[in-house]
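Report on the following structure.
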Amino acid sequence: MNAERRMMNAWQEARGERLWEKIRLLALTLPLVCLSALAATTGIAAAQQALAPPQNLRVIDTPSDAGGGLTVLWSKADYDTPNVRYQILMLVSSTTVDCHDKAPDVCYQLLMDEGAAKRIEKRMVADFPANSHYVRDVKWPWWTRVDRPDVHQFNLKSGRGLEMKNGTPYAVTVAVVNGTERVEAPPVQAIPEPNWFNWNQINNLAIVVIFGFVVLGSIQAAKRKEIFLRRIPGLDAVDEAIGRATELGKPILYLTGAGDMSEPSTVAAAVILGRVAKRVASYETELMVPHRDPIVMAVCQEITKQSYLEAGKPDAFKEDSNFFITTDQFSYTAAVDGIMLRKQPAANFFMGSYFAESLLLTETGASTGAIQIAGTDSDHQMPFFVTTCDYTLIGEELYAASAYLSREPVQLGTLRGQDIGKACILVALGLGTALATASVLLHADVSLVLDLVKDWK
Amino acid sequence: MTFLRRQLPLLITLVAGLLFAAQYYIPHPSSELMLTSVSKWLQIIGGFALVLGVTSLFHIHAVKIRRKEPGWGYSFVLYAAMVGTIIAGLSPDWEQFFRAIIDLILRHKSAFRDVQWAAGQEIINGHMTPFGWIYNYMMVPLQGTMFAILAFFIASAAYRSFRARSREAAVLLIAAIIVMMGRVPLGEYLIPVSGDITQWILNVLNASVRRAILIGVSLGAVALSLKIIFGVERAYLGGGKE
Amino acid sequence: MSFAERMLHIDRRIIFLLIGLCTLIPLLYPVGLAIKVSPEVKSVYDYIESLPEGSVFLLSLDFDPASKPELYPQAVALLHHAFKKNLRVIGMTLWLPGTGMASEVVSRVAREEGKVSGKDYVFLGWSPGGGSVIINMGQDLYKAFPTDYNNQPTAELPVLKGVQSLRDVNYVISLAAGSTGIETWYVFGKDKYKFELGGGCTGVIAPGLYPLLRSGQINGLIGGLRGAAEYEVLIGKKGKAVAGMDAQSATHFAIILLVILCNVFYLLIRTSKNRAEQNRS
């Protein structure tokens with residue numbers, strides 16, 4: 001009995017071990033079997049795919065351009081891998097077919113006629129891996145996209161050996177190449193034409209128009225009610241500087257910078273000159289305004305004359321108070337340094353845009369003991385002004401200076417409009433950063449919102 | 001008269017301003033052609049502005065010389081330099097010129113057509129012209145000297161003004177020292193990490209702050225441009241309020 | 001006046017002398033420390049390296065003689081690199097005072113590399129207008145520059161074959177000392193005509209161009225003498241920029257020392273003033 005039981009146990013044990021062995025064997029071989037099956041299936045599938053020509057191939061005139069461009073579109077395919085390549089081919093006819101006054105399809109047919117067809121060559125204009133060049137890769141905002149993001153898109157543009165004339169039809173095809181295998185789609189054609197509006201920039205235009213309305217609206221609001229302006233220390237010191245110069249009986253030197261009248265900083269400097277000249281006129285202090293640009297000189301002369309008139313001192317105005325030195329940067333700097341050392345002005349004003357001459361001017365002025373007030377939007381020269389001048393107006397404080405001194409509703413309203421614009425940009429920055437971060441973390445497409453703030457220039 | 005001085009310039013500004021603002025959004029070749037034509041006008045007007053500048057310069061210094069004002073000697077030097085440079089810039093190749101004169105006298109042959117004029121060029125056929133001599137041996141060293149003075153002025157301004165008067169000034173000072181070290185091989189040799197910190201300061205801190213200033217300045221420029229286009233800002237015409 | 005106060009009001013000519021010596025001595029007795037290449041300079045180098053032979057490279061030397069010490073070595077290094085790569089080089093300038101210098105550097109480097117004017121390179125010279133010139137070049141190069149600087153008709157030059165406008169240029173680099181410069185080339189050039197743009201500039205304006213670099217508006221930036229030295233190291237042709245690095249190192253350290261000293265004296269004065277006030281109270 002015991003022997004039987006032992007035999008039974010041994011047999012059961014052996015059976016269990018064999019079973020376990022079988023399970024282990026199955027566990028090892030099953031993945032291999034699956035993989036082989038999968039490989040076989042893929043191979044079969046791949047063999048069955050065998051490179052079909054690109055599907056839904058079409059070519060259109062590139063929208064929102066100056067002409068000379070075509071956009072080629074075709075559907076994605078299962079064989080879109082890095083090993084497979086697409087080639088864009090342009091059909092070039094060496095025959096001269098008269099397409100004048102003929103419809104594009106008639107013209108194309110003429111080109112494809114037996115006689116002409118023999119003289120058609122296919123020129124390869126692009127060659128790239130099949131898993132690239134999709135609609136989503138093109139840097140167009142969502143409202144100008146021509147198809148779904150997963151459709152292939154390639155933009156052909158005149159230049160660098162490829163010439164496409166407006167009004168002339170061009171036939172294009174796409175070939176797919178995998179090793180020695182090559183398949184082409186039937187050619188399609190389109191005519192490049194120039195467009196009258198760049199829809200890619202519509203957001204930019206909308207923002208400019210909105211900002212314009214905000215500024216003009218703020219100006220209207222400023223005419224009705226008082227607008228608060230924070231204190232700008234540099235501007236409070238203008239009166240102090242003029243008063244000091246008057247007490248010492250020394251002249252005031254005012255520079256309008258290196259720019260011409262097309263620069264906002266020069267316009268701001270000219271406007272501030274008007275205010276300063278008015279105060280100077282009332283004290284009858286000598287004012288010297290050396291210039292680098294003859295047109296700026298002419299404008300500032302008029303402004304100064306008007307200021308003296310408004311101050312009730314037209315006789316005190318001197319024609320020579322505004323004078324032209326030279327356009328050359330360092331010649332002008334040397335001349336102004338000479339004026340500072342000889343005339344020893346009590347107050348120096350540096351308003352406008354400056355370059356390397358800034359430190360040469362301000363350091364020389366500091367050595368004469370003058371009080372110096374600077375205002376510039378040239379950010380690369382700001383450190384030099386800040387270290388050498390008593391007061392510095394940074395960036396937009398220069399533009400705000402005109403409003404601060406005059407308290408005119410127009411100037412104040414503009415400032416308010418700019419502040420509203422800045423607030424909107426801050427909100428857009430915060431929102432855009434949050435959305436862009438969220439899109440990376442959640443793998444979501446937020447181009448719907450981000451494209452609205454794209455290309456704001 | 002007021003119409004010519006006020007209304008007409010404002011009207012021109014409005015039309016031209018709106019036209020060229022719209023031009024940016026119109027890619028059609030006609031729009032590009034218009035921009036190219038106007039760009040050529042700008043180049044021509046720029047040339048006239050130069051004439052205006054030179055005339056103004058001549059006039060101012062002529063008055064100074066005539067009245068013998070203090071420093072009139074320098075005005076005389078300026079005259080001599082300006083006229084001399086103009087003559088040198090327009091002068092012929094003197095060797096060819098005198099050869100042509102000798103040919104005319106001795107051989108009764110006119111070779112003046114072959115004489116090359118400097119026409120503002122520094123080198124002709126490998127030979128330096130008088131204009132080139134003035135440019136290379138006077139203008140280049142003088143301009144370089146003026147720019148080089150900056151190095152000394154920066155040092156004296158830094159010694160005079162770079163003081164840690166407040167916490168912010170102290171932070172600025174430390175950042176300045178790190179960047180000054182990181183931008184030279186000696187600094188990177190002594191403290192290798194200073195180069196990387198400098199790169200970070202430039203690419204992250206500096207770039208973001210510059211962007212902020214740029215945005216503010218750009219908004220100001222856009223607002224000012226809109227005011228000028230719509231005639232709200234008229235100071236550039238000269239004179240005050242109407 | 002205490003010692004600290006006297007030191008704070010020291011005659012500036014002593015500072016000038018110190019800076020002068022720090023510049024002169026390393027030039028006479030160079031040390032030759034290693035120069036680390038920054039990513040922004042490497043980007044310019046890598047892009048030129050990637051251009052195939054015969055590509056069109058436009059170098060706009062937008063600086064005057066005042067900026068020669070910083071930008072001239074950049075121009076020399078870039079031209080050597082471009083000529084070695086057998087690129088078709090177009091030189092020009094938007095700054096009138098720099099025309100002679102620009103012409104000299106292009107022809108000198110071309111001569112050293114055995115290149116022929118009209119065939120391998122062309123110097124177009126200067127045309128007034130700044131941004132207008134770029135716009136005109138973007139439409140038709142031959143209308144903007146009907147002749148080159150040597151009065152040769154540009155339409156007949158082999159080096160400009162196939163180049164109708166800026167759209168046909170592969171790479172543009174502007175070496176700028178201010179405005180008109182890199183920003184002008186971007187606004188009126190790259191934004192409209194879609195060519196690749198790189199930049200070189202003086203050290204003082206380089207930080208202001210980092211936003212353009214970070215946003216991809218320019219693909220690289222060579223900043224100041226340091227940038228020129230890095231480029232010389234990359235092309236393996238050390239020149240004036242590398243030679244100037246020792247002097248720049250010494251000068252920077254002199255300024256750092258001066259700044260530290262002035263702060264030490266300032267703190268000493270402040271401390272003694274506070275102590276005096278405390279004693280009084």
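Nothing here was measured: the structure is a model prediction, and the numbers come from that model. Every chain is numbered from 1 and lettered A, B, ... according to where its sequence line falls, protein lines coming before strand lines.
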Mutual orientation of the aromatic rings belonging to H28(B) and W196(A) [parallel < 30°, tilted 30-60°, perpendicular > 60°]: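 The rings of H28(B) and W196(A) lie parallel, inter-plane angle below 30°.
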Which bit of [X] is near chain B, if near means a heavy-atom gap under 4.5 Å: side chain, backbone, both or neither?
X       : result
L216(A) : side chain
S64(A)  : backbone
K422(A) : both
A334(A) : both
D328(A) : side chain
F197(A) : both
I394(A) : neither

I'd like to verify something: which residue of V215(A), D379(A), D377(A) has the highest number of heavy-atom pairs under 4.5 Å with chain B?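 Most heavy-atom pairs under 4.5 Å with chain B: D379(A).
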Against chain B, work out which of L205(A), L429(A), D260(A) has the most heavy-atom pairs shorter than 4.5 Å and name it.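 Max contact count across the listed options: L205(A).
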Side chain, backbone, both or neither: which part of [X] has an atom under 4.5 Å from a heavy atom of chain A?
X       : value
S30(B)  : side chain
R163(B) : neither
F147(B) : both

Mind listing the closest non-hydrogen atom pair of F330(A) and Q143(B) along with its distance?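 Taking F330(A) first and Q143(B) second, the nearest heavy atoms are CD1-O, 4.3 Å.
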